[in-house]
Amino acid sequence: MTSTPRRQLNERQAATVQRLLDAGLAQLAEVGPETLTVRQVAVRAGVSPATAYTYFSSKNHLLAELFHRAIVEQVPPAAEHSTATDRVQAVTRALSDLCERNPHVAAGANLALLGSDPDVERLRLRIGGEFVARFEEALGRSSTPELVDVLVLAFSGALLQAGMGLISYAELGDRLDKVVATILKDVR
């Protein structure tokens with residue numbers, strides 16, 4: 001099950017949130033993260049803007065939630081690869097492919113996650129926790145806090161570079177394969 005924005009929801013509220021997220025995803029694909037507004041999303045979802053703001057404190061909160069849900073709903077790659085490098089590359093490749101398939105969500109996340117909204121901060125920590133957990137699992141016995149930190153920093157930096165347009169989301173997987181191989185060259 002995915003997270004809920006800011007509080008526990010009853011069935012009716014959860015359905016409203018899902019309508020808002022679906023509308024947000026569709027609106028984001030149409031207009032992009034810079035132009036998207038919570039008001040537009042509310043209208044598209046068939047709810048009042050006040051109702052939308054009950055669940056999402058800001059546009060950045062909505063964008064961060066869309067990214068978080070995309071990550072959480074993605075099935076992490078199976079740890080079937082023989083080396084830590086191969087397993088970590090499978091993780092970064094899966095996350096890179098997710099961004100490539102959903103560039104508007106990834107671009108929205110780059111915009112949103114740099115904000116100071118407390119609801120975004122909470123999601124930023126949860127997203128970072130997902131990255132940490134996936135890298136720890138992929139590394140297995142080779143996992144150390146320092147190594148996981150380096151991988152999270154490299155991956156986050158790569159996402160930021162893609163968000164700034166310095167590399168494309170399509171190039172992200174190949175570039176990260178090389179980065180991961182360099183970082184883990186002496187890890188078994």
_Using only atom types and a distance under 3.5 Å, with no angle test, would you say the side chain of S143 pairs donor to acceptor with the backbone of L139?_
no
*Measure the CD1-NZ distance between I183 and K178 for me, rounded to the nearest 0.5 Å.*
14.5 Å
*asked:* Using a 3.5 Å distance criterion without hydrogens, assess whether the side chain of R124 forms a donor-acceptor pair with backbone atoms of L113.
replied: yes
_Strictly below 4.0 Å, N to O, side chains only: are E65 and R69 in salt-bridge contact?_
yes
*asked:* side-chain contact (heavy atoms from CB on, under 4.5 Å), that's the test. Do H104 and L25 meet it? Break it down for me.
replied: CA-CA 9 Å; H104 50 285; L25 200 54; 4.2 Å; yes
*Without swapping roles, check the side chain of K59 against the backbone of E34 for a donor-acceptor pair under 3.5 Å.*
yes
*Answer whether the closest heavy-atom distance between the side chains of V88 and V187 falls below 4.5 Å.*
no
*Under a 4.5 Å cut-off applied to non-hydrogen side-chain atoms, are V179 and R175 in contact?*
no
*Checking side-chain contact (heavy atoms from CB on, under 4.5 Å) for the pair V148/L151: CA distance, chi angles, key distance, verdict?*
CA-CA 5 Å; V148 171; L151 290 168; 5.6 Å; no
*asked:* Can you tell me how far apart CD (Q40) and CG (L28) are? Round to the nearest 0.5 Å.
replied: 10.5 Å
*Is there side-chain contact between L147 and F135, with at least one heavy-atom pair below 4.5 Å?*
no
*Could you check if a side-chain atom of L98 sits within less than 4.5 angstrom of a side-chain atom of V105, using non-hydrogen atoms only?*
no
*Heavy-atom donor-acceptor pair, Q27 side chain to G24 backbone, under 3.5 Å*: no
*Counting N and O atoms only, with roles assigned by atom type, does the side chain of T92 sit under 3.5 Å from a partner on the main chain of Q89, one being a donor and the other an acceptor?*
yes
_Partner residues of D97 under the side-chain contact (heavy atoms from CB on, under 4.5 Å) criterion, sequence neighbours left out_ = R93, E100, R101
_Rounded distance [0.5 Å steps], CG in L95 versus CD1 in I71_ = 6.0 Å
*Shared-cluster residues of L166, by chain and number - hydrophobic side chains joined below 4.5 Å*: L114, L160, M164
*To the nearest 0.5 angstrom, please state how far the CD atom of E73 sits from the NE2 atom of H68.*
10.0 Å
*Residue pair F56, D119: steps toward the side-chain contact (heavy atoms from CB on, under 4.5 Å) verdict*: CA-CA 8 Å; F56 298 102; D119 291 313; over 6 Å; no
_pair Q74-E130: side-chain heavy atoms closer than 4.5 Å_ = no
*Counting only heavy atoms not in E136, do more than 12 sit closer than 6.0 Å to its CD atom?*
yes
*Is the closest side-chain heavy-atom distance between V38 and L20 below 4.5 Å?*
no
_Going by side chain to side chain contact (heavy atoms under 4.5 Å, CB included), S96 matches just one of L176, V91, D174. Which one?_
L176
*Could you check L9 against Y55 for side-chain contact (heavy atoms from CB on, under 4.5 Å), going step by step and ending with a plain yes or no?*
CA-CA 10 Å; L9 305 175; Y55 300 107; 3.8 Å; yes
*With a 4.5 Å heavy-atom cut-off, do F67 and L123 have their side chains touching?*
no
